[in-house]
Amino acid sequence: MSETSLRDIRLQKLARMRELGHDPYSIEKWEITDTAAGLKEKFELDREVSFAGRIRAPRVMGKAGFADLTDSDEKIQIYIRKDTAGDLAWELYNLVDIGDHVGVRGKLFVTKTGEKSIAVQEFVPLSKSLEPIPYGHEKDGQIFSGLTDQEVRYRHRHLDLLCVPESRKRLIQRAQVVSAVRRFFDDIGYLEVETPLLQLNAGGAAARTFSTHYNAYEQDVKLRISLELYLKRLIVGDLPKVYEIGRVFRNEGVSNRHNPEFTLLEFYEAYVNLETMMARVEDCFRFVAQRVFGTTELAGIDFGKPWHRLDLLGAIEQHTGLTAEDLTDKERAIARARELDVPAKAIAAGGFIDLNADRNLGGLIEKLLEVFIEPTLQEPTFVVGYPIETSPLAKKDPANPRMTRRFEGYVMGREVCNAFSEINDPIDQRERFEQQVSERERGDDEAHPMDEEFIYALEGGMPPTGGCGIGLDRMAMLLTGAEHIREILLFPFMKPESTEADA
RNA sequence: GGGCUUGUAGCUCAGCGGUAGAGCAGCGGCCUUUUAAGCCGUUGGUCGAGGGUUCAAAUCCCUCCGGGCCCA
């Protein structure tokens, strides 16, 4: 049967319902005395109930029939007889399809086979589903067939939510993760704030931007790539504990861990150092795991325990032999890396390093981190001490001015957070930005732009401050075991489907 | 961006040079305690799009458009 005629048949049924004086789309409300789960839990024979849900698995036999009705998380069986519900209700029952919403009133009873059910006295269609919902067949709690096409699942998420229980559960958990994070920071005295998405000078991260245009001011504007700079301006304004959970936009490719817009948490706290930031991260993961999943042990990781601490340069020396001394100068670092057979070691570690690649010393150090260290960080671990070139907003390490007071957290080999002691010296910050601007002039379109407004704010005096960012999508992926970022985004960005116009 | 793979009925899939198939859904019939209801009958497809090879293309080749996995 073609798509149109399936739809046409349903339209005909809708027309018939209207003839009978029951336009489902005209109904505004239906009393719900119980949820499906509640009906089964607190089952009382012969109790009068009123319930609404979607029709699934209608089974008609002669002048009686069964169907399952599902509410948001459970199903309950209904039983309708022509003689007790009446001719009108019986005809309406025969006009509903899988996926229609209906309201019922009736009495609870148990069938011969022991199924708790509603004996329907009143049956009212509340909405018609014109397009079939691709429910699978369910037996013993297992779904057969159903919706498996991932493209359809992502493009038409309502079908995924209706037809793929694991996906439904995961997406709900993702929402609960965000909610729990918010609760965590509220509970420890942070203020949740909102800062602009539309910015003249998108900064705070190394990323390409999206551009748009503000007509009223004839002004080109960018979508933000981080929350950082505005939040620190609030710290200067003596709001000493602030956080924001917000969407940021990075103009980069799509992968199983990248979507062009994603949800970022950033939190800033005055008068605290990296140790406090680490404790916040540990506490946050522990709180969220416990609150959403009821356990601190997820995916084989115990978030109840403190995370490991690892010095970046020390770890590089351990894996490659390159000392902190070797890594003070790019030429020297490359020469020593050749002597120590670092490219061969990289291949042995399952990675690849091209010593001739165009990058600065900081880039080389981060490459060494990526190849030799990240894959080994299965247990939650903070890697501490990042090179200055790649950390233009982090305080210099007094013990090694080539490095910064910055850490990243890793779990199961993947980065989950990025934190530093924020630069509060406006002179230092200006120099860092100037360095970034020269990188940008050399063609690095991810380098940080100058931001005079931000520096002006720092000149107002910012207290020593710890700051941290956590990608909440990746956090949700980690906690739910999702392998693809699209599994925890309700509406991931999808390429437009081709149309006839393209041909 | 590169490699591999995939797109066939509303859904899940088979067919891989010779008249487009199955299960479920749908439609019609029987059936007043079924539950993947059952039994009988039956409708439904520009085989992702375009081009090519061939007597003949869902099937082989090319291009394009989606999706997935791996790599960058």
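Side chains are part of it too, since the values below use all heavy atoms of this structure and drop only hydrogens, waters and symmetry mates. Below, read A as the first sequence line, B as the second, and so on, with proteins coming before strands; counting in each chain starts at 1.
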Listed nucleotide nearest any side-chain atom of A:Leu147, set B:G68, B:U34, B:U12
B:U12
Regarding B:U34, can its base be found pairing with the side chain of A:Gln77 as donor and acceptor, where the two atoms are less than 3.5 Å apart?
yes
Taken in chain and number order and not counting sequence neighbours, the residues that satisfy side-chain hydrogen bond (donor to acceptor under 3.5 Å, both in side chains) with A:Asp34 are A:Arg47
Does the side chain of A:Arg59 get closer than 4.0 angstrom to OP1 or OP2 of B:A37 through an N or O atom?
yes
Residues in ring-ring contact (aromatic ring centres under 6.0 Å, His included) contact with A:Phe51, at least two apart in sequence or another chain
none
Among the candidates B:G26, B:C13, B:U34, find the nucleotide nearest to the side-chain atoms of A:Thr148.
B:C13
Which value, in whole Å, describes the distance between the P atoms of nucleotides B:C4 and B:C62?
11 Å
Which dot-bracket string describes RNA chain B (Watson-Crick N1-N3 plus N6-O4 or O6-N4, or G-U N1-O2 and O6-N3, all under 3.5 Å; [ ] crossing; | other strand)?
(((((((..((((....[..)))).(((((.......))))).....(((((..]....)))))))))))).
Separation between the C1' atoms of B:G15 and B:G7, rounded to whole Å:
15 Å
Nearest whole angstrom, please: distance from the C1' of B:A37 to the CG of A:Asp68.
12 Å
Atom OH of A:Tyr93 and atom P of B:U34: how far apart are they, to the nearest Å?
14 Å
So does A:Asp473 pair up with A:Arg174, basic N to acidic O under 4.0 Å?
yes
Polar contact flag, side-chain donor to acceptor under 3.5 angstrom, A:Asn418-A:Arg406:
yes
Between A:His213 and A:Val221, what is the shortest heavy-atom contact and its length?
N-CG2, 4.3 Å
A:Ala57 side chain, from C-beta outward: closest of B:G10, B:A37, B:C27
B:A37
Nearest-Å distance once atom C1' is located in both B:U33 and B:G21
37 Å
Closest approach to the side chain of A:Phe109, judged atom by atom: which nucleotide of B:G26, B:U33, B:U12 is it?
B:U33
Length of the line joining A:His258:NE2 and B:C71:P, which is rounded to integer Å:
14 Å
Rounded C1' spacing from B:A9 to B:G45 in Å
6 Å
Taking the nucleotide of RNA chain B with the closest heavy atom to each, which residue, A:Lys63 or A:Lys367, is nearer the 5' end?
A:Lys63
With respect to the side chain of A:Pro134, which nucleotide from B:C27, B:C11, B:U32 is positioned closest?
B:C11
Quick one about A:Ser129 and A:Asp100 (side-chain donor to acceptor, distance below 3.5 Å, no hydrogens or angles considered), yes or no?
no
Could you measure between the two C1' atoms, the one in B:G67 and the one in B:A20, and give it in whole Å?
24 Å
Using the side-chain heavy atoms of A:Gln150, tell me which of these nucleotides is nearest: B:A25, B:C31, B:G68.
B:G68
Say we look at B:G50 and B:C65: how far apart would their C1' atoms be, to the nearest angstrom?
10 Å
Sorted by chain and residue number, the ring-ring contact (aromatic ring centres under 6.0 Å, His included) partners of A:Tyr93 (sequence neighbours excluded) come out as A:Trp90, A:Phe123
Here the distance between atom P of B:A72 and atom CD of A:Glu370, to the nearest Å, is 8 Å
Salt bridge (Lys or Arg N to Asp or Glu O under 4.0 Å) pairs, two or more places apart, involving residues 103-118 of chain A:
A:Glu31-A:Arg105, A:Arg105-A:Glu122
Of the listed B:G67, B:G26, B:C31, the closest approach to the A:Val60 side chain comes from B:C31
How is A:Arg486 classified with respect to the nucleic acid when contacts are heavy atoms under 4.0 Å: base, sugar-phosphate, or nothing?
sugar-phosphate
I need the CG-P distance between A:Asp97 and B:A25, as an integer number of Å.
13 Å
When you check the phosphate oxygens OP1 and OP2 of B:C70, does a side-chain N or O of A:Ser255 lie under 4.0 Å from one of them?
no
Sorted by position of nearest nucleotide on RNA chain B, 5' first, the leading residue of A:Ala64 and A:Gly351 is A:Ala64
Between B:C16 and B:C47, how far apart are the two C1' atoms, rounded to whole Å?
12 Å
Categorize A:Val152 for me: base, sugar-phosphate, or nothing, with a 4.0 angstrom heavy-atom threshold over every strand shown.
nothing
Nearest to the A:Lys495 side chain among B:U33, B:C31, B:G67, which nucleotide is it?
B:G67
Do we see a donor-acceptor contact under 3.5 Å between the side chains of A:Tyr154 and A:Glu487?
yes
Please identify each residue that fulfils side-chain contact (heavy atoms from CB on, under 4.5 Å) with A:Gln173, with sequence neighbours left out.
A:Lys169, A:Gln176, A:Val292, A:Phe293, A:Thr480
Tell me: NE2 of A:His484 to P of B:G67, nearest whole Å?
10 Å
Sugar-phosphate only, base, or nothing, as touched by A:Asp149 at under 4.0 Å among non-hydrogen atoms
sugar-phosphate
Considering every strand and a 4.0 Å limit on heavy-atom distances, what is the contact class for A:Lys116: base, sugar-phosphate, or nothing?
nothing
Hey, does A:Tyr154 reach any base, or is it just sugar-phosphate, or nothing, if we go heavy atoms under 4.0 Å?
sugar-phosphate
P atom, B:C55 versus B:A14: distance in rounded Å?
32 Å
Of the candidate nucleotides B:U33, B:G26, B:G67, which contains the atom at the shortest distance from the side chain of A:Leu6?
B:G26
A:Glu151 CD to B:G68 C1', straight-line distance once rounded to whole Å:
10 Å
Whole-Å distance separating the OH atom of A:Tyr79 from the C1' atom of B:C31
12 Å
